[in-house]
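Note sheet for the following structure.
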Number of protein chains: 2
Amino acid sequence: MTVSRVVSGDGYVSEETREKVLKAVKELNYRRNGLARSLKRQFTETVGLVLGDISNPYSTELARAVRETLLEQGFNLFICISESGAKEDVIAFESLANHSVDGIIVATRSNEAGDRYLSDLVDTNVPVVAIGRDLTHKNIDFVSPDNLKGGFDATQHLIDLGHKRIAFIGANLRSGSNLKRLQGYIDALEQHDIPVDERLITGRSEGIADEVGYSTEEIGFEGMKRLLSLPDPPTAVFARNDFTAIGAMRAISEAGLKIPNDIAIVGFDDIPLAARMSPSLTTVRQPMRAEGQIAAEMLLERITGKANISRRERILDCELIVRESSGHRRQ
Amino acid sequence: MTVSRVVSGDGYVSEETREKVLKAVKELNYRRNGLARSLKRQFTETVGLVLGDISNPYSTELARAVRETLLEQGFNLFICISESGAKEDVIAFESLANHSVDGIIVATRSNEAGDRYLSDLVDTNVPVVAIGRDLTHKNIDFVSPDNLKGGFDATQHLIDLGHKRIAFIGANLRSGSNLKRLQGYIDALEQHDIPVDERLITGRSEGIADEVGYSTEEIGFEGMKRLLSLPDPPTAVFARNDFTAIGAMRAISEAGLKIPNDIAIVGFDDIPLAARMSPSLTTVRQPMRAEGQIAAEMLLERITGKANISRRERILDCELIVRESSGHRRQ
DNA sequence: TTACGATAAGTTATCGTTAACATACTCTCC
DNA sequence: GGAGAGTATGTTAACGATAACTTATCGTAA
């Protein structure tokens, strides 16, 4: 007990004893066992963050913002990667739960088994906040960019530039955020009385791995090739995210066409690469840092929290960043 | 005890009892407490990875390789970020140690307090493997790209193209891997009887934050500006890494000079962005995946290991990727 | 003098598991 | 019918810390 008092530095210990203990600690190479400590104390001051595609700058910015916010409050962050769907989601949640983290922030895409496991966790009083994950539960907070408005703005921008045949690349009915971007695209078209042409909305092509998040560039490439083979190809493209847009740009170049003269293109996210592309990519900027910070704050409120807070939602504004790839107004 | 047997799924339990237990588990929302379990069992099947700059694709590729290798053996991975030096290193190591991970892979730059803490951990039998971290300890394995040869090859390439005034950007005497790259640069010059000009070796400029790993682009930008202001500026530049090279390229462009005609440039790492730059960046490719995989394998051997293995070192070959930014041979 | 608070250290029970051992029953085979 | 193996469950004692309580000493204010 006296050792405990010395090591944790509170309670009464005489200077003399403290020194003896510290000496013994050094000699015996003693380290306090964190498991036993946490077991007794019932908290770990640690939070878990589950990320999908860690190669995406979107994820890493998010992680940095989350971490900074937690660190201010003395909480540590463990990041788990879940690259390919439900099974890995569950593994990640499970391992975080096994280490008794005080709360979890999830930023992977929704899937049935993962959602079920999360619900169970929440039911055993583990605080959870979801970022962009389409998961409705009465005790899970939700932070997301305004994908609907973002999709709308991107499309509106292309319409304003005089385009009528505007394609959407990378539709994925299972992904909630993506669905919203697609919905924004459709809303914008309808508002301007432009008919929605199903053939201009490309989804995943069958040959490409389904669950893997990071190969979206390939999806863009394949999708664009398909669009270019249409009898009446689009003059503009809105891609679900920047990687998809970049893949589409490659397909356009390889077809010998010019961006933005032949085809204008808009992406989503504003990853650092977007500004450096040639031509630079017009895109919708997500407030990644804000998302991370708000999610962390919400989680901390739940952890240190007074009673059960019920579900809160925060939808954050996105900003259209106009660059070269969308070009100038057409006649 | 019977519950334990049911939940962990080994030992004799009758079908009838098992079902009763599972029913109760569901009803009571029971979850096995991982802390208590690990406390008793003395292992967690979890490994910690400490990364510096998580925004750098180098780190994320590493993390993915590490994770894949661990997952095959049923180990989980927790990633900790340590962005700015010793204090955060120690926090990361400490929080991993507190959660009793079975081993730690460190990929941050060396610093005194961090190294000391790591040594202490190793002395309490926590297996540790260092990636690119200049840390010599009899029980810490070491994996690294061949920075010396990489630096040599990059410089040799510029010499072969006919350059005599070749600068080095981003010298940082504290970083071991960087030092090796610089040494390779010096070796190459000396081997070709080109005098080493101190003014052509730029270090960190004083105004820039010291410890932060990810602002190397700024270092490249500032360093290049300084080089351009010399009475006799270089005709070629070798940058410590691709971000630094990209910063230098920006400075060159802003000065109205052309790459590679006025100044040739070579980077290090081969991040995805390198190939997409305009002009595309000649660089030295690091075998990031191999580094991660080998480090994970070494760690697993230590964890599941028979007796004390003593320090092993693996230096991996790099590959010069010639692109546009180094240009053609000069007269 | 008494009493009370501050200081210092020890005792006990507990956090939630599981390894190891103990007990009991059933079956099979010689 | 008894030995031995296989099945099913229960008991005990850790794992290593700490919260809460107890005991003891000392100084000092009433």
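Every chain is numbered from 1 and lettered A, B, ... according to where its sequence line falls, protein lines coming before strand lines. Every value quoted in this text rests on a predicted model; they were computed, and no experiment measured them. Computation of the quantities below employed the complete heavy-atom set of this structure, encompassing side-chain atoms and omitting hydrogens, waters and symmetry-equivalent molecules.
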(Q) Looking only at the side chains, is there a donor atom on one of A:Tyr58 and A:Glu291 sitting less than 3.5 Å from an acceptor on the other? (A)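 Note: A:Tyr58 and A:Glu291 side chains meet the donor-acceptor criterion.
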Q: Check whether the side chains of B:Asp115 and B:Ser110 place a donor and an acceptor atom closer than 3.5 Å, and report yes or no.
A: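 Distance-only check passes for B:Asp115 and B:Ser110.
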Just N and O in the side chain of [X]: are any of them under 4.0 Å from OP1 or OP2 of [N]?
X: A:Ser14; N: C:dA9; answer: yes
X: B:Thr2; N: D:dG10; answer: yes
X: A:Thr17; N: C:dA9; answer: yes
X: A:Arg18; N: C:dA8; answer: no
X: A:Arg37; N: D:dT18; answer: yes

Counting side-chain heavy atoms from C-beta on, which of [options] comes nearest to [X]?
X: A:Tyr12; options: C:dT7, C:dT17, D:dT18; value: C:dT7
X: B:Asn33; options: C:dG16, D:dT18, C:dT18; value: C:dG16
X: A:Arg41; options: C:dT18, D:dG16, D:dA19; value: D:dA19
X: B:Tyr30; options: C:dT17, C:dA19, C:dA9; value: C:dT17
X: A:Lys40; options: C:dA8, D:dT9, D:dG16; value: D:dG16

What is the separation between atom [atom1] on [X] and atom [atom2] on [N], rounded to the nearest whole Å?
X: B:Glu16; N: D:dT9; atom1: CD; atom2: C1'; answer: 13 Å
X: B:Leu28; N: C:dG16; atom1: CG; atom2: C1'; answer: 15 Å
X: B:Leu35; N: D:dA14; atom1: CG; atom2: P; answer: 22 Å
X: A:Arg32; N: D:dC15; atom1: CZ; atom2: C1'; answer: 17 Å
X: B:Arg5; N: C:dA20; atom1: CZ; atom2: C1'; answer: 11 Å
X: A:Asn98; N: C:dT17; atom1: CG; atom2: C1'; answer: 12 Å
X: A:Gln42; N: C:dT14; atom1: CD; atom2: C1'; answer: 10 Å
X: B:Met1; N: C:dA19; atom1: CE; atom2: P; answer: 7 Å

Q.
Between B:Arg67 and A:Glu88 (salt bridge meaning N to carboxylate O under 4.0 Å), is one present in this structure?
A.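 Yes, this pair counts.
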(Q) Between A:Glu19 and A:Lys23 (salt bridge meaning N to carboxylate O under 4.0 Å), is one present in this structure? (A)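 A:Lys23 and A:Glu19: not salt-bridged.
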Q: Report which part of the nucleic acid B:Arg31 touches: base, sugar-phosphate, or nothing (heavy-atom distance under 4.0 Å, all strands).
A: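 Sugar-phosphate, backbone atoms only, no base.
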Q.
Parallel, tilted or perpendicular, judged at 30° and 60°: which one describes the rings of A:His99 and B:His99?
A.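 Tilted.
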